[in-house]
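Working notes, structure below.
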There are 2 protein chains.
Amino acid sequence: MQNSEAMALSTTLLAIAGELTQRINEGVVARGFDGVRPAHGFAFVRLAPDGATVTELAVHLGVTKQAASQLVDEIVRKGYAERRAHPGDARARLVVLTERGWACTRAAEEAAAEVVRGWGQLLGEGEVRALHEQLGRIAPYGRIRPTW
Amino acid sequence: MQNSEAMALSTTLLAIAGELTQRINEGVVARGFDGVRPAHGFAFVRLAPDGATVTELAVHLGVTKQAASQLVDEIVRKGYAERRAHPGDARARLVVLTERGWACTRAAEEAAAEVVRGWGQLLGEGEVRALHEQLGRIAPYGRIRPTW
DNA sequence: GCCGGATGGTCAAGTAGCTTGACTACCTGC
DNA sequence: GCAGGTAGTCAAGCTACTTGACCATCCGGC
């Protein structure tokens with residue numbers, strides 16, 4: 001494969017990623033969750049199962065723990081999460097989603113589903129599944145880097 | 001397809017996009033082009049064929065023309081582009097890549113090709129081509145939104 | 001022609017989200 | 001029980017953006 005083809009593939013993928021991020025965020029806002037940024041969504045993904053500490057969140061997002069702490073301040077202030085005592089470590093605090101945080105997460109899932117349905121109309125359900133499977137095999141582990 | 005599956009697909013795609021952006025940028029820096037950010041790469045894509053005006057660049061990048069102008073200042077100062085008189089419009093200035101700008105673009109293509117080769121080893125050449133074709137069909141037109 | 005609104009570009013000031021640095025509270029291994 | 005490491009916050013600074021104001025130039029109507 002030529003270099004220029006690889007670049008074209010990369011550009012296409014990045015354009016789709018940008019569009020996807022924007023559409024999900026718009027969908028979330030349209031469902032009444034204002035003041036949220038895409039970075040919050042990435043945080044919610046990490047917080048969703050059982051909560052996480054600020055440091056864990058920082059690693060997940062690829063930022064300093066100070067930045068993660070500020071982000072937590074923000075989503076706590078807006079009612080999407082709350083800080084609790086950490087069981088078994090008095091230094092740490094467990095950040096967990098509130099009911100509103102869960103509602104926002106569900107809204108993001110709905111928005112994502114809308115976009116993916118659009119893909120389904122262009123490609124067909126089977127190809128979307130194939131796409132998911134292929135991407136799953138080349139995806140990196142662990143953290144996300146939400147800043148370019 | 002369930003909402004949670006759509007979200008999983010979205011998360012996977014965004015994780016790959018983040019990884020890809022980071023790897024390309026690292027590859028470019030490793031080839032000796034320091035002081036470049038991913039946003040510069042997106043600008044180069046638009047400038048590459050025949051140059052562009054600041055306003056065209058701003059639309060392409062999805063930012064204000066002031067921001068685009070600052071970005072042009074930066075890449076001009078670093079020797080990647082230069083401003084020329086616009087033929088046929090004395091208000092406008094045509095921003096074109098310098099030889100160093102072209103070299104940097106080729107370096108980005110090489111870096112992208114390295115990453116895509118890695119995908120080829122995981123998926124096989126045929127599946128990478130299929131991926132490219134599928135993504136091409138769901139890609140949005142025109143501009144890129146390099147900020148989340 | 002030329003006048004008025006639209007457009008291309010820049011200057012200036014403000015802002016948001018990150019960084020680095022310094023610090024306290026707490027945990028853990030010798 | 002002390003030394004070094006880790007979780008978290010406070011504070012200050014930086015950078016890439018924004019909004020607002022402005023000048024030079026283009027262009028359509030008269």
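Throughout, protein chains are lettered first and strands after them, A, B, ... in sequence-line order, and every chain is numbered starting at 1.
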Could you check how far [atom1] of [X] sits from [atom2] of [N], rounded to whole Å?
X	N	atom1	atom2	value
B:R77	D:dT15	CZ	C1'	12 Å
A:L61	C:dT19	CG	C1'	15 Å
A:H86	C:dC27	NE2	P	11 Å
A:D73	C:dG17	CG	P	12 Å
B:R93	C:dT7	CZ	C1'	16 Å
B:E56	C:dG8	CD	P	9 Å
B:K65	D:dG20	NZ	C1'	12 Å
A:I75	C:dG17	CD1	C1'	15 Å

Closest to side chain of [X], choosing from [options]:
X	options	result
A:T53	C:dT19, D:dG8, C:dA13	D:dG8
B:R91	C:dT7, C:dG9, D:dT9	C:dT7
B:V54	D:dA7, C:dG9, C:dC27	C:dG9
B:A67	C:dC18, D:dG8, D:dC17	D:dC17

Just to confirm, is there a sub-4.0 Å distance from OP1 or OP2 of [N] to any side-chain nitrogen or oxygen of [X]?
X	N	answer
B:R83	C:dT10	yes
A:S69	D:dT9	yes
B:R37	D:dA16	yes

- Message: On DNA chain C, does the nearest nucleotide to A:A68 precede the nearest nucleotide to A:A90 from the 5' side, or the other way round? Give the residue.
- Response: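 Taking each residue's closest nucleotide, the earlier one in sequence belongs to A:A68.
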For residues [X] and [Y], determine if any side-chain heavy atom of one lies less than 4.5 Å from a side-chain heavy atom of the other.
X	Y	value
A:E133	A:R137	yes
A:L71	A:L61	yes
B:I138	A:L131	yes

- Message: I want to confirm an ordering. Mapping B:G88 and A:Q66 to their closest nucleotides on DNA chain D, which one lands closer to the 5' end?
- Response: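 Result: A:Q66.
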- Message: I want to confirm an ordering. Mapping B:D89 and B:Q70 to their closest nucleotides on DNA chain D, which one lands closer to the 5' end?
- Response: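 With B:D89 and B:Q70 compared, the 5'-side residue is B:Q70.
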- Message: What contact category does B:A92 fall into here, base, sugar-phosphate, or nothing, at under 4.0 angstrom with non-hydrogen atoms?
- Response: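 Sugar-phosphate contact only - B:A92 comes under 4.0 Å of backbone atoms but never of a base.
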- Task: Would you classify A:T64 as touching base, sugar-phosphate or nothing, given that sugar-phosphate means primed atoms plus P, OP1 and OP2, and contacts are heavy atoms under 4.0 Å?
- Result: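 Answer is base: heavy atoms of A:T64 come under 4.0 Å of a base.
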- Message: Using 0.5 Å steps for rounding, measure from the CD atom of B:E19 to the CD atom of B:E26.
- Response: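 The CD atom of B:E26 is 8.0 Å from CD of B:E19, to the nearest 0.5 Å.
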- Query: Would B:R129 and B:H132 count as having a side-chain donor-acceptor pair, cut-off 3.5 Å?
  - Reply: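 Checked: B:R129/B:H132 side chains show no N/O donor-acceptor pair below 3.5 Å.
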